[in-house]
Amino acid sequence: MAAVTELQKTFYHVDENGYYGKFGGAYIPEMLYPNVEELKENYLKIMYSPDFQQEFHKLLKDYVGRPTPLYLASRLSEKFGASIYLKREDLCHTGAHKVNNTIGQVLLARRLNKKRIIAETGAGQHGVATATICALMGMPCKVFMGAVDMQRQKPNVERMRILGAEVIPANSGSKTLKDATNEALRHWINNPVDSHYVIGSVVGPHPYPDMVARFQAVVSAEIRQQLKEETGTEKPDYVVACVGGGSNAAGAYYHFLEDTEVKLIAVEAAGMGVHSGKSAATTALGKIGIIHSSKTLLMQTDDGQITEPHSISAGLDYPGIGPLHAHLYDTGRGTFYSITDDEAMEAGILLSRMEGIIPAIESAHAIAVLHQMELKSDDVVVVSLSGRGDKDLETYIRWGKY
Amino acid sequence: MSVVNTYNRIDQVFEEKEESILSVYYTAGFPALNDTVRIAEYLEKAGADFIEIGMPFSDPLADGPTIQDSSTQALHNGMSLKLLFEQLRDVRQSVSLPMILMGYMNPVMQFGVENFCQHCQQVGVDALILPDLPMQEYLNEYKELFESYGLYNIFLITPQTSEARIRLIDEHSHGFIYMVSSASITGAKSNITEEQLAYFDRIRAMKLKNPTLIGFGISNYETFSHACSYANGAIIGSAFIKVLQESNDLEKSITQFITSVKGADHR
Ligand SMILES: Cc1ncc(COP(=O)(O)O)c(C=O)c1O
């Protein structure tokens, strides 16, 4: 009996081999083995050492501005007929949840005596967060970014440069996030001794998905506490988050994974429609395979070539999802929806008009799904508002319907 | 009972010749879709010892720009695993050198790993290099399967690989061990550094049971012969891809290149 409880407790967490059910692992070339092994051997020890915890939480508080508010969006609540709380990750320094992970990993890299930081970025959000923390710590930082994304996200490219990072265009393959990730991994292969690669989501080889989820877990730790203060109970009925790789979702779900009465809602980008050929809805379109050294669901051709996704939000424009999410999907623990570009843009305007909050287009996907959920008046819904819309102003302007 | 039940051409070559083994890598379906087999034939005629055929993949993590570009081109040409096995169906009528397939796990998984092994055996493949298949995963999941189809799994080692791990890899290897000459993705580099030499020395002193081939960064007679003084031979990839790319007469270019790498034109 005790064994069963123990199993249930860990069912949604990574096992000792780096798997969530049948997903995960570390399908790395031998060239990366020493680095990844070093990380695997040390990450938990370092993360849970008292001095690390103290430094990490102090920075989260004084530098990032945590805890971020849990805000009861009353007009939105009225519209959807349930209590809608927004977890305001958009108020983090640098404008999104990404920085929680970045601080954690850079602190960890320092304790592993790494001198240089490498990162990939799609929208530029993770790149900016990494460049920011590297500036703070005085560490040299190289950010790989698809050449196409550099065109799409010019302000973030310049933000990174202002912060002193070197932005390196990824010109291989489709020149977007997946290629930037390949280039970052290659750079790490070529510079294995003194560099740490800061992955920006719960993707990549074990231990990255678990490590990033643990750094982002501060989000759900705060939600529990804040909700208790607000409503007297720690557990909402729903936690809703968008999923690109899945880091804001992993953070928002983390401390609810075993509380199966809390329903976990994952929102993927349908792009121009799930079956339009221009989509990033991985669970709807993907099959199990290996992407960026992790066995997970990914979008691919019948021959196993990874396909290029599409979403209006660069942060959701990734052909895979983290192995934790593949497992949540596979086991039914998570319910997956998809939201089109237009639905997301409309939800972005809706939130702007009703609550005075212009969300990142990624986060707008999580707002849009409220239309599709069948909510009851006593439901308590927490939506992860993962980022603010500043970076997306040009996209809002180009879309134009406001 | 020995699990490896078929006679492997790689062992046969090493029985006859222990040094200056030249293994040549190229990407299937490149430069043109149907060049795969004739390149193998030209390589055999020109005097290569092993043929390494790359199965193109959209996201080849361990490869440099030259090989990735050739993969992108091959995919664009319409290359796929299914087509590769069709192209190789009769290759054993004209090519007798050991044939190694190199590629990434995802296309193999989608093809079906057992189905893949079956096809490999049918067309006469001797070994596989799957850089993103880690040793532990191989031992747990695939070793028996590969061996039952007579396929050797070739492991890589790097300057960062610990001695204990090299010993373990040596224990589980058949055929040869692929020494990555620097902690590096593929891509022709012009010279061999002091650091690499120290690494080559260190490995040589370990007296492994398997032969070693040095790969990554070998591009010409100088680098090839230098590598051969430390290992049983070497692997050329990116430099050969460049030759193919620039050639307007494949047979002639391949013969010239292989001849010059082996130093036959230096004598
Ligand atoms: C604001 C925001 N939300 C969500 C995402 C998607 O990433 P993840 O799924 O890892 O949270 C991004 C990625 O750039 C982002 O910037």
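Chain naming here is simple, since letters A, B, ... match the order of the sequence lines and numbering starts at 1 in each.
In terms of modelled atom types and a separation under 3.5 Å, the side chain of B:T158 and the main chain of A:M31 share no donor-acceptor contact. The main-chain N or O of B:D63 is found under 3.5 Å from a side-chain atom of A:R186 such that the two form a donor-acceptor pair. Using modelled atom types, no side-chain atom of B:Q160 and backbone atom of A:P34 make a donor-acceptor pair closer than 3.5 Å. Of the possible donor and acceptor atoms, one in the side chain of B:N106 sits under 3.5 Å from a partner among the backbone N and O of A:I290.
Atom OG of B:S80 is separated from atom CD of A:Q305 by 8.5 Å, given to the nearest 0.5 angstrom. The distance from atom CG of B:D59 to atom CD1 of A:I291, rounded to the nearest 0.5 Å, is 6.5 Å. A distance of 5.5 Å separates CE of B:M109 from CD1 of A:I288, quoted to the nearest 0.5 Å. A distance of 13.0 Å separates CD in A:E30 from CE in B:M179, rounded to the nearest 0.5 Å.
Heavy atoms closer than 4.5 Å to chain A are found nowhere in B:L81, neither backbone nor side chain. At a 4.5 Å heavy-atom cutoff, the contact between B:L75 and chain A is made by side-chain atoms alone. For B:F57, the parts sitting under 4.5 Å from any heavy atom of chain A are the backbone and the side chain alike. For a residue to count as touching a neighbouring chain, one of its non-hydrogen atoms must lie under 4.5 Å from one of that chain's; by this rule A:E37 does not touch chain B. For A:D302, the part lying under 4.5 angstrom from a heavy atom of chain B is the backbone only. With a 4.5 angstrom heavy-atom cutoff, B:P60 touches chain A via backbone and side-chain atoms both.
Shown here is A:R116, whose CZ atom has no more than 12 heavy atoms of other residues, nucleotides or ligands within 6.0 Å. Counted within 6.0 Å of NZ on A:K287, heavy atoms from surrounding residues, nucleotides or ligands total more than 12; the atom is thus considered enclosed. Atom NE2 of B:H172 has more than 12 heavy atoms from other residues, nucleotides or ligands within 6.0 Å. Heavy-atom neighbours of A:Y43 OH from other residues, nucleotides or ligands within 6.0 Å: above the threshold of 12. Within a 6.0 Å radius of CD in B:Q122, more than 12 heavy atoms belonging to other residues, nucleotides or ligands are found. Annotation for B:R89: atom CZ does not count as buried by contact number, only 12 or fewer foreign heavy atoms lying within 6.0 Å. Counted within 6.0 Å of NZ on B:K207, heavy atoms from surrounding residues, nucleotides or ligands total 12 or fewer; the atom is thus considered open.
Side-chain contact between A:Y33 and B:P134: absent, with no pair of heavy atoms (C-beta onward) separated by less than 4.5 Å. Side-chain contact between B:M105 and A:K295: absent, with no pair of heavy atoms (C-beta onward) separated by less than 4.5 Å. Counting only heavy atoms from C-beta outward, the side chains of B:L61 and A:S293 approach each other to under 4.5 Å.
The shortest non-hydrogen separation linking B:Q110 to A:G304 is CG-CA, 3.4 Å.
A salt bridge is absent between A:D303 and B:K82: the closest approach of a Lys/Arg side-chain nitrogen to an acidic carboxylate oxygen does not fall below 4.0 angstrom.
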